[in-house]
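Below is one structure, written out as structure tokens; comments come after it.
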Amino acid sequence: MQANSLSFVSAKVQIDLDERSYPILIGTALLSNPLLYQDLPKAATALVVSNTSVAPLYAKQLSEALHAYYSKVLLVILPDGEIHKDWPTLQLIFDALLENGCDRKTVLYALGGGVVGDMTGFAAASYMRGVPFVQVPTTLLAQVDSSVGGKTAINHPLGKNMIGAFYQPQLVVCDLDVLQTLPDRELSAGLAEIIKYGPIADMGFFDWLENNLDALLDKEPAALAHAIRRSCEIKAWVVGQDERETGLRAILNFGHTFGHAIESGLGYGKWLHGEGVGCGMVMAAHLSQRLGRVDMAFVERLTTLIQRAGLPVKGPALSAADNAGCYLKLMRVDKKSEAGEIRFVVIDGPGKATVCPASNVMVREVIDSCCA
Ligand code: NAD
Ligand code: GLY
């Protein structure tokens, strides 16, 4: 699609879920292109949900484009940060909807990273038992993962993303231009979720990442477009088969069991989600090696790429007294746990993942050898 001389959709990836199907559009100058929103359900009002960092950069562009279709375009600005992915902040979205008399046709637009996207999706799932929403992800992590697939949530002090719903957006708009303002640390966090897709599904993509990592770190648009498209294709392939994570979808959580423990153990916001995932993948790769599924050369190859991406590869100490015990306690709260038994995503040979339990002794050895 070429809407004007600036706006260009370079790729379209479809999420196939029957009546809940939707496209992911990837390209340049998309945010401000009114044509992208023309096929969405008709409504009087749109509510753009953003945060204190992203709204000043992009809310005006998006709101102006939406004025072509909605008589009222409202904006609610949330405080920024993982620490605010909670009930009081979610309530701000409901306050804005109710104070403005928004009806059940109102369309919510999530303009921000994964935190804004996950909270807006959860608000959309529950306001008047469900209103349409659109994801306009502005971080690399959100463009390759969190905006796609319909997982929405807030955190609980005892566990990450523990309160939420599966609720699919109507459209995902990945505008490459917005990534130019993304801080380097956030870019690296997004690279963690991109790297993840290699060991779990496509080692050809992993080879490409090894060869093109410098271009990604330099934010070269062609490299970013390819990485985002391939990541979304793999996620679409997984979600299309297992929307509600009854099996296969769990592989998308490679590195997340260890990573979530790091995030909640340190206190939300200390390490970025992507940093936890990056380091968590190193730990999960070591576990895979101890289980005899991959060799040490694979673990080292993965660790090298994660480190080159600017991500931590040594886990933090969560407790001076019993560090491994502390990780184990936190990991038991994981959504993959069954009857108190932790289940890990492990690599079952390069390019293939599976979910399995592991003995506490082995997991302790992994944590001891992988923590600083
Ligand atoms: P984030 O939403 O906190 O965004 C990172 C930071 O970048 C924030 O300070 C944000 O304000 C800022 N920012 C966003 N876009 C910007 C831009 N274009 N320019 C400058 N600054 C910008 O973090 P994230 O990494 O995007 O998302 C992490 C969250 O996503 C976690 O809560 C995680 O649990 C969730 N997540 C969800 C899924 C899912 O399937 N739903 C998948 C992966 C991660
Ligand atoms: N990010 C993991 C999932 O969407 O299932």
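Indexing begins at 1, ligand by ligand and atom by atom, following the structure's order.
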Close N/O pairs between ligand 1 and protein, under 3.5 Å:
{"residue": "ligand 1", "atom": "2 (O)", "partner": "Gly114", "partner atom": "N", "Å": "3.0"}
{"residue": "ligand 1", "atom": "2 (O)", "partner": "Val115", "partner atom": "N", "Å": "3.0"}
{"residue": "ligand 1", "atom": "9 (O)", "partner": "Asp80", "partner atom": "OD1", "Å": "3.1"}
{"residue": "ligand 1", "atom": "9 (O)", "partner": "Asp80", "partner atom": "OD2", "Å": "2.7"}
{"residue": "ligand 1", "atom": "11 (O)", "partner": "Asn51", "partner atom": "ND2", "Å": "3.0"}
{"residue": "ligand 1", "atom": "11 (O)", "partner": "Asp80", "partner atom": "OD1", "Å": "3.2"}
{"residue": "ligand 1", "atom": "11 (O)", "partner": "Asp80", "partner atom": "OD2", "Å": "2.9"}
{"residue": "ligand 1", "atom": "15 (N)", "partner": "Thr138", "partner atom": "O", "Å": "3.2"}
{"residue": "ligand 1", "atom": "15 (N)", "partner": "Thr138", "partner atom": "OG1", "Å": "2.7"}
{"residue": "ligand 1", "atom": "18 (N)", "partner": "Thr138", "partner atom": "O", "Å": "3.0"}
{"residue": "ligand 1", "atom": "18 (N)", "partner": "Val178", "partner atom": "O", "Å": "3.0"}
{"residue": "ligand 1", "atom": "18 (N)", "partner": "Thr181", "partner atom": "OG1", "Å": "3.3"}
{"residue": "ligand 1", "atom": "19 (N)", "partner": "Thr181", "partner atom": "O", "Å": "3.3"}
{"residue": "ligand 1", "atom": "19 (N)", "partner": "Thr181", "partner atom": "OG1", "Å": "2.7"}
{"residue": "ligand 1", "atom": "26 (O)", "partner": "Gly114", "partner atom": "N", "Å": "2.7"}
{"residue": "ligand 1", "atom": "26 (O)", "partner": "Thr139", "partner atom": "OG1", "Å": "2.6"}
{"residue": "ligand 1", "atom": "27 (O)", "partner": "Gly114", "partner atom": "N", "Å": "3.1"}
{"residue": "ligand 1", "atom": "32 (O)", "partner": "Glu82", "partner atom": "OE1", "Å": "2.7"}
{"residue": "ligand 1", "atom": "32 (O)", "partner": "Glu82", "partner atom": "OE2", "Å": "3.0"}
{"residue": "ligand 1", "atom": "32 (O)", "partner": "Lys85", "partner atom": "NZ", "Å": "2.7"}
{"residue": "ligand 1", "atom": "32 (O)", "partner": "Lys160", "partner atom": "NZ", "Å": "3.2"}
{"residue": "ligand 1", "atom": "34 (O)", "partner": "Lys85", "partner atom": "NZ", "Å": "3.2"}
{"residue": "ligand 1", "atom": "34 (O)", "partner": "Lys160", "partner atom": "NZ", "Å": "2.8"}
{"residue": "ligand 1", "atom": "34 (O)", "partner": "Asn161", "partner atom": "ND2", "Å": "3.2"}
{"residue": "ligand 1", "atom": "41 (N)", "partner": "Asp118", "partner atom": "OD1", "Å": "3.0"}
{"residue": "ligand 1", "atom": "41 (N)", "partner": "Ser146", "partner atom": "O", "Å": "3.4"}
{"residue": "ligand 1", "atom": "41 (N)", "partner": "Lys151", "partner atom": "O", "Å": "2.9"}

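Residue contacts with ligand 2, taken as heavy atom pairs separated by less than 4.0 Å, involve Lys235 solely via side-chain atoms from C-beta onward. Contacts between Asp145 and ligand 2 below 4.0 angstrom, taking non-hydrogen atoms only, involve the side chain exclusively.
In this structure, a donor-acceptor pair under 3.5 Å is absent between the side chains of Ser146 and Lys151. Under the 3.5 Å distance criterion, with hydrogens and angles disregarded, no donor-acceptor pair is assigned to the side chains of Thr354 and Asp348. Checked by atom type, the side-chain pair His273/Glu82 shows no donor-acceptor distance below 3.5 Å.
Ligand-side atoms of ligand 2 in range of Arg249: 3 (C), 4 (O), 5 (O), range being under 4.0 angstrom from any heavy atom.
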Could you give me the CA-CA distance, side-chain angles and deciding distance for Leu140 and Leu224, then say whether side chain to side chain contact (heavy atoms under 4.5 Å, CB included) is met?
CA-CA 9 Å; Leu140 183 60; Leu224 287 170; 4.2 Å; yes
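Under the 6.0 Å cut-off for aromatic ring centres, Tyr37 and Tyr109 qualify, their centroids lying closer than that.
Under the ring-ring contact (aromatic ring centres under 6.0 Å, His included) criterion, the residue pairs touching residues 317-363 are Phe258-Phe344, with sequence neighbours excluded. Pairs engaging residues 214-242 under the ring-ring contact (aromatic ring centres under 6.0 Å, His included) rule: Trp208-His226 [sequence neighbours left out].
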Please output the side-chain donor-acceptor pairs of residues 60-67 that fall under 3.5 Å, not counting sequence neighbours, one pair per line with the distance.
{"residue": "Lys60", "atom": "NZ", "partner": "Glu64", "partner atom": "OE2", "Å": "3.1"}
{"residue": "Ser63", "atom": "OG", "partner": "Ala59", "partner atom": "O", "Å": "2.8"}

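For ligand 2, the polar-atom distance check against Lys196 finds no nitrogen or oxygen pair separated by under 3.5 Å.
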